[in-house]
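First comes the structure, then the notes that go with it.
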2 protein chains.
Amino acid sequence: MLREGYAAATTRRVAAEAGVNSALVSYYFESIDGMFVELFRRGAEQSFERLQEALSSEQPLWAFWELIHDQSNSALTMEFIALANHRKAIRDEIAEYSRRFRRAQVDSLHEVFDRYGVDSAHWPTEVLVVILSAISRYLLIEKSFDVDIGHAETEAMVRRYIAELEGERSAA
Amino acid sequence: MLREGYAAATTRRVAAEAGVNSALVSYYFESIDGMFVELFRRGAEQSFERLQEALSSEQPLWAFWELIHDQSNSALTMEFIALANHRKAIRDEIAEYSRRFRRAQVDSLHEVFDRYGVDSAHWPTEVLVVILSAISRYLLIEKSFDVDIGHAETEAMVRRYIAELEGERSAA
DNA sequence: GTCTATACCGAGATAGAC
DNA sequence: GTCTATCTCGGTATAGAC
């Protein structure tokens, strides 16, 4: 999926890479979409754990930003979004996880922003989480196309904002 | 492409919908990727004209926001991004247009923000353009998955920001 | 549980008649 | 310029032997 796109992840090729017969894909996953759903679930569970870790770390804002702004996560996510566009089973799966992620993010960061003295009347946690997620995702997409006008300045601005609230990033 | 995704736009089906033989796709576009490139170009040219109009209108910020936050544009764009992910010819085409769009946006809006008294040292035009684009795109993607946590508040915030600079949107 | 064999389909592309 | 005919490939899926 990463190297050649989801369309290249066919029963035959997946089986070949696993060193196994292609009939087994049907045997274990029922259909190729079933395989994609399983794959997504496994990745999403892992991501969710990483999210929990980040949100409960010493510098949750920094950790959150670094997590969502990680290229290696994002490429597969994009692939799944593309795949999901026209396949209901996968779409529903992604939608459910997205809501779960957003809720966890908002719940955790609500307290964090509160502690940092952010006025939640003017800057609701939902809005801040959406904006940070949006910026991160958008920059990563553009970067994958070698388009980067305004990227450095935007990333600097985000980091400055986080640093104002949470202080400089301490060594990992 | 819109209804079933780019993968459904095959030589045979495109020809069938045009009421024509599938061999003609090769004849006119050389290959299926050639067809996608042509299609993208035609749409991009149109979009660029609309962008120019928006940026030179009475309320450029409002017009810009409404243009990029239009669902009907975005769906096809997403389809092309997915398609481009692993096809170099299309990728390069999109990348070039993206830069051209970004440059036009920044050039026009630089003067606009200046006129509105925005301090460009703190808020470079590039950053504002990237952030607005990011928010718009991200919300549209999520909406297509029926995920909308925090959307209303975020859109309200954007509109409030634009209204502060440019006044309420006047009747079209 | 894993394989072979195979059915069935439709993709992209091209040669060549008209 | 458009068609028919056809090639070649590889996709998903299933039946049934082992």
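Proteins get letters first, then strands, A, B, ... in listed order; numbering begins at 1 in each.
A salt bridge links Arg169(A) with Glu66(A): at least one charged nitrogen is closer than 4.0 Å to a carboxylate oxygen. Salt-bridge formation is not detected for the pair Glu166(A)/Arg160(A): no Lys NZ or Arg NE/NH1/NH2 atom is positioned less than 4.0 Å from an Asp or Glu carboxylate oxygen. A salt bridge links Asp92(A) with Lys88(A): the closest approach of a Lys/Arg side-chain nitrogen to an acidic carboxylate oxygen falls below 4.0 angstrom. By the 4.0 Å N-to-carboxylate-O rule, Asp146(B) lies too far from Arg99(A) to be salt-bridged with it.
Leu24(A) has its CG atom 14 Å from the P atom of dA13(D), to the nearest Å. We find that CE of Met35(B) is positioned 13 Å from C1' of dA11(C), with the value rounded to whole Å. Straight-line distance from the CG atom of Asn21(A) to the P atom of dA13(D): 14 Å, rounded to whole Å. Look at CG on Asp33(B): it is 15 Å from P on dA11(C), rounded to the nearest Å. Following rounding to the nearest Å, Glu30(A) (CD) and dA13(D) (C1') show an atom-to-atom distance of 11 Å. Between the CZ atom of Phe29(A) and the P atom of dT2(C) there is a distance of 12 Å, given to the nearest Å.
Residue contacts for Val20(B): at a heavy-atom cut-off of 4.0 Å it reaches the sugar-phosphate backbone alone, with no base atom in range. Counting non-hydrogen atoms under 4.0 angstrom, Ile32(A) reaches the backbone sugars and phosphates but no base. Within the 4.0 angstrom heavy-atom criterion, only backbone atoms of the sugar-phosphate kind lie near Thr10(B); the bases stay farther away.
Residue order along DNA chain D, read from the 5' end via each residue's closest nucleotide, puts Ala8(A) first among Ala23(A) and Ala8(A). Nearer to the 5' terminus of DNA chain D, by closest-nucleotide assignment, is the contact made by Arg12(B) (compared with the other of Arg12(B) and Ala7(A)).
Here the side chain of Tyr28(B) is nearest to one of dT14(C), dC3(C), dG1(D), namely dG1(D).
Taking only side-chain nitrogens and oxygens, Tyr27(A) never comes nearer than 4.0 Å to OP1 or OP2 of dC3(C).
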